[in-house]
Amino acid sequence: MKEFMLINSIIRFLIEIMTMLLLIFIGLTKFKMPFNILIGVVVPFLVFLIWSSYIAPASPNKVIFLYRVFIEIIIFSSTSLLIFAKLPLKYFIIYVVIVAINTFLVHWGELKHQ
């Protein structure tokens, strides 16, 4: 079970990186000025700051479980909406399914080990 949770944590890290890359890509290529700078640069920077400050395992200001889940829902659902609006439907479906399954497993494992 420990190996499974380790693999899931690695997948989670890859999802976090993919989310940032998707925000940058969609923002810079699918929007016109000045929104491309806002969505492609400012939003990913804010997501990075929020994630590293409140959600990351070694974050200095780690918030309680419920707040972390709420922040993750906002970040992942916002990214999902951008993917849905600007990319083909198959990318939206793939992203949502992978994020939903991984998020469930991460938090299930976290609750189980508390």
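With sequence neighbours excluded, the residues forming a side-chain hydrogen bond (donor to acceptor under 3.5 Å, both in side chains) with Thr103 are Arg12, listed by chain and number. Residues passing the side-chain contact (heavy atoms from CB on, under 4.5 Å) test with Leu21, sequence neighbours excluded: Ile17. For Asn8, the side-chain hydrogen bond (donor to acceptor under 3.5 Å, both in side chains) partners at least two apart in sequence or on another chain are Asn102. Residues meeting the side-chain contact (heavy atoms from CB on, under 4.5 Å) test with Ile7, sequence neighbours left out: Ile11. Here Ile73 pairs with Val69, Ser77 under the side-chain contact (heavy atoms from CB on, under 4.5 Å) rule; sequence neighbours left out.
Grouped with Leu66 in a hydrophobic cluster is no other residue, since no side-chain heavy-atom contact under 4.5 Å to another Ile, Leu, Val, Met, Phe, Trp or Tyr is found.
Residues Met18 and Ile26 are members of one and the same hydrophobic cluster, defined by side-chain heavy-atom contacts under 4.5 angstrom among Ile, Leu, Val, Met, Phe, Trp and Tyr. Under the 4.5 Å side-chain heavy-atom criterion for ILVMFWY residues, a single connected hydrophobic cluster contains both Ile93 and Leu82. At a threshold of 4.5 Å between side-chain heavy atoms, the hydrophobic network of Ile, Leu, Val, Met, Phe, Trp and Tyr places Val41 and Phe35 in two separate groups. Linking ILVMFWY side-chain heavy atoms closer than 4.5 Å, directly or via other members, places Phe48 and Ile74 in two distinct hydrophobic clusters. Taking hydrophobic clusters as Ile, Leu, Val, Met, Phe, Trp and Tyr residues chained together by side-chain heavy-atom distances below 4.5 Å, Ile98 shares a cluster with Met20.
Across all non-hydrogen atoms, the minimal contact from Pro44 to Leu23 is CG-CB, 3.8 Å. Minimum heavy-atom separation, Val96 to Ser80: CG2-OG, 3.6 Å.
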What pairs of donor and acceptor atoms, side-chain ones from residues 53-65 against any protein atom, are under 3.5 angstrom apart with sequence neighbours left out?
unit_1 : atom_1 : unit_2 : atom_2 : d
Ser53  : OG     : Leu49  : O      : 2.8
Ser59  : OG     : Ala56  : O      : 2.9

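A distance of 9.0 Å separates CG of Leu38 from CZ of Phe31, quoted to the nearest 0.5 Å. To the nearest 0.5 Å, atoms CD (Glu72) and CD1 (Ile15) are separated by 10.5 Å. With values rounded to the nearest 0.5 angstrom, Ile24 atom CD1 is found 11.0 Å from Thr29 atom OG1.
Screening residues 76-95 for ring-ring contact (aromatic ring centres under 6.0 Å, His included) gives Trp51-Phe76, Phe84-Phe92 as the qualifying pairs, with residues at least two apart or on separate chains. Within the structure, the salt bridge (Lys or Arg N to Asp or Glu O under 4.0 Å) test picks out no pair touching residues 46-60 (sequence neighbours left out). Sorted by first and then second residue, the side-chain hydrogen bond (donor to acceptor under 3.5 Å, both in side chains) pairs with a member in residues 30-41 form an empty list; sequence neighbours excluded.
Two residues are said to be in side-chain contact when any heavy atoms from C-beta on lie closer than 4.5 Å; Thr19 and Ile75 meet this criterion.
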